[in-house]
Amino acid sequence: MDLVRLIYTSTITEQFEVEDIARILKSARVNNKALNVTGLLSFNRQFFLQCLEGTRQDVNQIYHKIATDSRHKKPEIIGYQEISHREFDSWNMGYLQNTESLRELFYQHTRIINFDPYNMNGERALSLLLDIRDEIKRAEV
């Protein structure tokens with residue numbers, strides 16, 4: 001099976017409500033599980049940074065839904081590649097809340113106080129998401 005990894009960023013819209021993040025996670029976990037898509041979502045109350053892993057068709061289908069979702073604006077793919085294995089295979093959609101540890105990771109990877117994923121390339125975004133994954137796993141122990 002050919003696998004791909006897609007990393008995108010987007011900005012919240014005026015229609016976005018605080019409760020939407022819980023709705024997005026719930027929906028993503030159900031839909032992604034049905035398609036065997038794994039990934040991780042990072043959100044800092046302004047920007048989404050998300051990784052999706054699965055077959056090309058399934059990942060593209062999910063991204064198209066996200067890109068047309070009224071809670072997202074300016075969706076931009078910052079990384080897309082074929083992969084030999086999944087990095088986020090533990091979750092249909094992992095998530096780390098906007099905590100001090102997340103803000104520290106943002107700063108470590110960007111060296112700017114106000115995190116803006118639009119300035120990241122795919123390699124840097126993946127490195128950040130892998131560190132977020134590891135932070136989640138440490139918290140689970």
Side-chain angles (χ1 to χ4, degrees), residues 1-83 85-141:
M1 175 183 351
D2 292 335
L3 296 174
V4 298
R5 176 180 301 121
L6 182 149
I7 301 173
Y8 80 90
T9 189
S10 65
T11 306
I12 64 170
T13 63
E14 296 75 29
Q15 291 83 16
F16 188 86
E17 299 175 356
V18 176
E19 301 82 21
D20 281 334
I21 194 65
R23 292 183 194 118
I24 288 169
L25 286 167
K26 182 177 180 180
S27 174
R29 288 173 176 149
V30 170
N31 295 334
N32 292 359
K33 184 176 184 178
L35 295 173
N36 193 27
V37 170
T38 57
L40 180 75
L41 173 65
S42 175
F43 174 66
N44 74 340
R45 296 192 176 118
Q46 181 180 2
F47 300 110
F48 294 97
L49 177 64
Q50 184 173 18
C51 175
L52 300 168
E53 298 173 329
T55 66
R56 181 179 306 275
Q57 178 181 345
D58 294 337
V59 166
N60 290 353
Q61 177 183 335
I62 290 171
Y63 178 73
H64 178 73
K65 287 172 93 171
I66 292 166
T68 58
D69 185 319
S70 64
R71 296 169 292 194
H72 296 263
K73 68 180 176 186
K74 293 178 27 186
E76 183 176 312
I77 295 173
I78 56 178
Y80 191 97
Q81 65 188 74
E82 291 184 2
I83 56 173
H85 68 281
R86 298 173 192 248
E87 292 289 353
F88 304 97
D89 58 346
S90 298
W91 309 296
N92 293 109
M93 189 46 55
Y95 177 69
L96 179 63
Q97 292 184 9
N98 188 22
T99 61
E100 184 62 32
S101 63
L102 181 60
R103 289 186 292 276
E104 286 175 18
L105 287 172
F106 287 158
Y107 183 76
Q108 287 173 14
H109 284 269
T110 63
R111 296 292 180 222
I112 55 173
I113 293 173
N114 296 318
F115 176 65
D116 182 350
Y118 288 97
N119 295 322
M120 300 185 87
N121 63 29
E123 186 177 313
R124 288 179 53 218
L126 177 60
S127 178
L128 169 61
L129 291 166
L130 290 172
D131 282 352
I132 292 171
R133 175 200 64 189
D134 294 345
E135 181 70 20
I136 294 169
K137 286 185 176 186
R138 277 192 292 279
E140 291 176 342
V141 174

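Since this is a predicted model, take the numbers as computed values, not measurements. Each residue takes its place number in the sequence, starting with 1.
Although no hydrogens or angles enter the test, the distance criterion places a donor-acceptor pair under 3.5 Å between the side chain of E53 and the main chain of E87. Not one N or O on the side chain of E135 forms a donor-acceptor pair closer than 3.5 Å with the backbone of L102. With hydrogens and angles disregarded, no donor-acceptor distance shorter than 3.5 Å links the side chain of R5 to the backbone of I83. Side-chain atoms of Y8 never come within 3.5 Å of backbone atoms of I66 as a donor-acceptor pair (strictly under, hydrogens ignored). When atom types are taken as modelled, the side chain of T68 and the backbone of H64 share a donor-acceptor pair closer than 3.5 angstrom. No donor-acceptor pair closer than 3.5 Å links the side chain of S27 to the backbone N or O of I24.
Residue E76 qualifies as enclosed at atom CD: its count of foreign heavy atoms under 6.0 Å is above 12. Environment of CG in D89: crowded, with over 12 heavy atoms of neighbouring residues, nucleotides or ligands closer than 6.0 Å. Annotation: K137, atom NZ; neighbour count of heavy atoms from other residues, nucleotides and ligands within 6.0 Å is above 12.
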side-chain contact (heavy atoms from CB on, under 4.5 Å), that's the test. Do N31 and I62 meet it? Break it down for me.
CA-CA 8 Å; N31 295 334; I62 290 171; 5.7 Å; no

side-chain contact (heavy atoms from CB on, under 4.5 Å) evaluation trace for N114 with Q46:
CA-CA 10 Å; N114 296 318; Q46 181 180 2; over 6 Å; no

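Between L105 atom CG and L130 atom CG the span is 11.5 Å, to the nearest 0.5 Å. Taking CD1 of I136 as the start and OH of Y95 as the end, the distance is 9.5 Å to the nearest 0.5 Å. To the nearest 0.5 Å, atoms OH (Y80) and CZ (R56) are separated by 4.0 Å. One distance of note links CE of M120 with CG of L129; it measures 7.5 Å at 0.5 Å rounding. Here OG of S101 is found 9.5 Å from CZ of F106. Values are rounded to the nearest 0.5 Å. Considering CD of Q57 and CG of D2, their distance stands at 12.0 Å, rounded to 0.5 Å.
Nearest approach of V59 to G54, heavy atoms of both residues: CG2-N, 3.3 Å. Annotation for R86 and T38: closest pair NH1-OG1, 3.1 Å, computed over non-hydrogen atoms. Nearest approach of P117 to T9, heavy atoms of both residues: CG-OG1, 2.9 Å.
In this structure, the side chains of T110 and D116 stay at 4.5 Å or more apart for every pair of heavy atoms.
Between R71 and E17 no salt bridge is recorded (no basic side-chain N to carboxylate O distance below 4.0 Å).
With D58 as the fixed residue, the side-chain contact (heavy atoms from CB on, under 4.5 Å) test singles out one of L3, N36, L35, L52: L35.
For F16, the ring pair (Phe, Tyr, Trp, His ring centres under 6.0 Å) partners at least two apart in sequence or on another chain are F43, F48. When the salt bridge (charged side-chain N to carboxylate O under 4.0 Å, His left out) test is applied to D131, no partner is found at least two apart in sequence or on another chain.
Between Q15 and T13, the side chains place a donor N or O and an acceptor N or O closer than 3.5 Å (distance only, hydrogens not considered).
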